[in-house]
Each structure stands twice: as C-alpha cells, then as structure tokens.
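One structure is given below, encoded as structure tokens.
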Amino acid sequence: MRVPLSLTANMAGYLAKKGLGGDKKFPLVMMLEPLHACNLTCTGCGRIREYKSTINESLTVEQCLKAVDECGAPIVSICGGEPLIYPEIGRLSSEILARKKHIYLCTNGMFIRKRLRDFKPTSRLFFNVHLDGLEKTHDICVERDGVFREAIEGIKAAKAAGFLVTSNTTIYKETDIEEIAELFAYLQTLGVDGHMISPAYSYAAVMTKEIFMSRDEIREKFRQASDLLERYNIVTSPIYMEFLRGERELMCTAWGNPTYNPRGWKGPCYLMTDAHHETFKGLIEETPWERYGHGRDPRCQDCMVHAGYEASAVIGGNKKFGDTWKMFTWTMSGRMGGLLKGKPAKTNGNGNCHHNGSSNGHAKPEAPAAVAAPAAGQGDEVFRIL
Ligand code: SF4
C-alpha cells in the first residue's frame, strides 16, 4: 500500500462521519506550528520572515492539544519553524498519537539523530524530511553547507530504528526534475517510504520572487515530474497531480488544511495572513471564503499549493465520476519503502544514483548508521533562544 492501512481506514471513517453529519467545511490536515524559530534561513520560507517579531514565541503543549481537539482533523502536520527544536516535541507527539491521529513531523532533518529517542516507531508517525534536491542544490536552497548530509544521516538513523520516513520536496522555477528523480532513486535505497511534491508559491513575506512559477509554468513542470517520478511512491494525491498538470480544475479549499500557530488560527490559509482567529470555529465562521482562490483574489492568481488544493480533491465541489475509485486504486497500488512493481529505478546499476551537471554528488547509499549524537555544538544557537 502507498500509506499505512491505519491512515486509509481512519480517513475513510472520518469522511463517512462528516458526510453523514452533512458538514460542509471540515479539515483533513491540521498544520500545527508550535514555534516559528528555525536553525536555517531557507530562501523560499515565509515563516521566519512573516513572524520575525514573534520568532521566539511558542505554544505550550496544552495550547497545541486544545487546538488539535477543537479542529478534529485526522492528520496533524507538525511544522514550524523547525519542530525538532521544540523542547516538548516528544510529549506533544505522544499526546497527539494517543488521540489516534496520524502525524507528519515536517523537519529539515538536522536534529533527527539528536531527538530520535523522544519518539517510538508507529505506523501513525512519519518523519517528513524537507529535501529540495541533491546535496549541492539542497544546501544552496537552505543557505547552509552540510544540511543535506545531516538530513541523510537522520533518515538513515530513523529507518534503522524502525520509523516511517517520507521526503517533502518543493518544486521551484529552477528545479531540475531529473535531479529530483535522482534524489528519489537515492532515497529509495535508504528505504524512504514515500515522497511529497508541491509547487512553491510566493509568500508576501518572501522577497526572492523570481524563484516562483506562474500557473502555466507549474503545469509544465508537473507534466515532466509525473513522467519522471511516477515509478516512486509519490504520496501526493493523483487528483491533485491532475490539477497540477493542468488536466482538471479545482477550487481552493484552504479550510481543509488550517494552520494554528502562536498567533492563533491563521486565515485564510497557510500562505496568506489577513487575520488570526482565537478559535478554529472563528476561522471557519469569520473568514469570507468566497473571496479567496484563483480568479477571486489577485494574490491567489498563480497559487496551486497543496495547502489550498490537495484537500479539494476530497472535499471540494469539482468531483468527477470515478474519483473515489481512482483514489482507492492509487492507494492500493503504492508501495512504502521501495519502488512500485515493474518500474525500475534510474540508477547506474551499482545502487548509486546518476549525477547531472547541476549537482556535485552526494553521500553514497550504505548500511544504515547507528543512532549517534550530532556533532558537538550543533543546534546550540537555536536551543539558546528557546
Ligand atoms: S488560492 Fe487558497 S491557498 Fe492559495 S493563496 Fe489563495 S487562499 Fe491561500
């Protein structure tokens, strides 16, 4: 299967319950940002810029859990900032897991080895590691050398300890899709369980606008991506991928991926902030949803991000006959921790990945390393500000 059975079953039960209850606006994935502090300054990240004045604030575990309970989404994506520098990330995760939720812990991977002992492997928890290319490219994107290598060591340690791991790749204008195929081929040799891909979109807070794409450019990129990446266990929904390739339209359903952070519930969406609401109910009831989305708000013009449109495939109004069957067969046809059947990886035959001109190579696949502490001093600067 493409994702654990528990996730498929939970989601099916949740959707059936919401359908029977006649709910019109309900969440699928809650984006929980316990803090905005981060050890990196990635070029495409709006968080560290938008929340500069409150970068040292964080939510308590109790505030997080109250929001998780009020929201009710079956999946909680813990992001930020860097969630692995949140001091109580272990307790927060185990409390959310005790509520029978699934967690995607979105991390840059730098502190996986240091914090691994705070977690227990379960089919409800994924380390979702941000990787935007091979070593050279990724380190440029995150503006620091050595990040790719440490993230890879973290992935190896997590897999050796029995955890589920996915990768999360943002596609920019300059992204070389062939390099992403090489990245996935390499991650497959490490046993990575799935890959998320999503187009970047310009935050108001990000000054480097030229890295973002128009809708036409996104469609072109994802047509190429589908051809090259379909052999890997892509966990981005097939209907959302059709939308990204320009084969169908979807309307923004930003309430499907609501964001909660130290300022409150961020409205209307993960990207844009017109208001912060004290409660999830407030976000749903006070946001003028009909004013947002492509063709309604100029700021939404080129947006195709997952936080606005991936949930639309399930809870939006543009459903097509056969979508449910498509989602079902897609879920069943995947394979965690490896290639899809009959679709060989693009490797050089030795288990190592090809390299193209845009990369200076990366760590070679090898036996998973034992869990070890990161280098002395790593992350100290971040822990000091918390
Ligand atoms: S289209 Fe939706 S997700 Fe995208 S910026 Fe507009 S409101 Fe946010």
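Indexing begins at 1, ligand by ligand and atom by atom, following the structure's order. Numbers here simply count residues along the sequence, with the first being 1.
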Check whether more than 12 heavy atoms from other residues, nucleotides or ligands sit under 6.0 Å from atom [atom1] of [X], and answer yes or no.
X	atom1	value
Glu278	CD	no
Lys66	NZ	no
Arg291	CZ	no

Enumerated ligand 1 atoms positioned under 4.0 Å from heavy atoms of Gly293: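 Listed by number with element, the hits are 1 (S).
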Contact atoms of ligand 1, heavy-atom distance to Tyr292 under 4.0 Å: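 Heavy-atom distances to Tyr292 below 4.0 Å select 7 (S).
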Could you tell me the residue and atom name of the protein heavy atom closest to [atom], and the distance to it rounded to 0.1 Å?
atom	answer
atom 3 (S) of ligand 1	Gly308 CA, 3.5 Å
atom 8 (Fe) of ligand 1	Cys269 SG, 2.3 Å
atom 2 (Fe) of ligand 1	Cys252 SG, 2.4 Å
atom 6 (Fe) of ligand 1	Cys300 SG, 2.3 Å

Tell me whether the NZ or CZ atom of Arg215 lies within the 45° cone about the ring axis of Tyr309 and under 6.0 Å from its centre.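 Geometry flag: set, cation within 6.0 Å and 45°.
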Lys/Arg cation over aromatic Phe243: Arg219, 6.0 Å, 45° cone: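 So Arg219 doesn't make the cation-pi contact.
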Are Arg296 and Glu290 ion-paired here, with the side-chain N under 4.0 Å from a carboxylate O?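 Result for this pair is no, no salt bridge flagged.
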Within the stated cut-off of 2.8 Å, is an N/O/S atom of Cys303 closer than that to atom 2 (Fe) of ligand 1?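 Here the distance criterion (N, O or S atom, under 2.8 Å) is not met by Cys303, so no.
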Quick one: pull up CG in Leu116 and CZ in Phe127 and give me the separation to the nearest 0.5 Å.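 Between Leu116 CG and Phe127 CZ, I get 5.0 Å after rounding to 0.5 Å.
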Taking only non-hydrogen atoms of Ala307, do any sit less than 4.0 angstrom from ligand 1?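 So Ala307 does not count as touching ligand 1.
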Give a yes/no verdict on whether any heavy atom in Tyr309 is under 4.0 Å from an atom of ligand 1.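 Yes, Tyr309 has heavy atoms under 4.0 Å from ligand 1.
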